[in-house]
Amino acid sequence: MNFITPKNANKEKVTWTINHKVARLVEHYAEYTGYSTDEVVSEFLENLLHDEEFKSHIKSKRNNKRILKDLELKEDDL
């Protein structure tokens, strides 16, 4: 797993519904790292791109061009 590294200012506002325990976990981790809760969640979720099975799933899709575009990936990244 990769932990938080430098900030990326390219973000959009998103509304998520998560349980109270997870929200508090993110808040405490944000306080610990000095990042905002949005930045912590974004950085953590970007780590999903390191999941080899997920990347295999994307690669196996018959028409994966939309997924690659959405995730700003190239075929070589898989």
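Worth saying up front: this structure is predicted, and the values here are computed from it rather than measured.
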Any side-chain heavy-atom pair from [X] and [Y] closer than 4.5 angstrom?
X: Arg24; Y: Glu27; answer: yes
X: His50; Y: Lys55; answer: no
X: Leu68; Y: Asp77; answer: no
X: Leu71; Y: Ile58; answer: yes

- prompt: Is Leu45 linked to Leu25 within one hydrophobic cluster, defined over Ile, Leu, Val, Met, Phe, Trp and Tyr using a side-chain heavy-atom separation of less than 4.5 Å?
  reply: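 No; tracing contacts between hydrophobic side chains, which count when under 4.5 Å, never links both residues.
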query: Can you hop from Val41 to Leu48 via hydrophobic side chains spaced under 4.5 Å?
result: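 Per the 4.5 Å side-chain linkage, Val41 and Leu48 are co-clustered.
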- prompt: Can you tell me if Asn19 uses its side chain to pair, donor with acceptor, with the backbone of Val22 under 3.5 Å?
  reply: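 Answer holds: yes.
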task: First locate atom CD of Glu52, then atom CG of Leu78, and finally report the distance between them rounded to the nearest 0.5 Å.
output: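 Here the rounded value is 9.5 Å.
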query: Between CG of Asn64 and CZ of Arg62, what distance do you get to the nearest 0.5 Å?
result: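 It comes to 11.5 Å.
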- request: On the 0 to 90° scale, with breaks at 30° and 60°, tag the His57-Phe54 ring pair as parallel, tilted or perpendicular.
  value: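 The arrangement is parallel - the two ring planes meet at less than 30°.
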message: On a heavy-atom basis, which atom in Ile67 and which in Lys61 lie closest, and how many Å separate them?
response: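 Residues Ile67 and Lys61, closest heavy atoms: CD1-CG, 4.0 Å.
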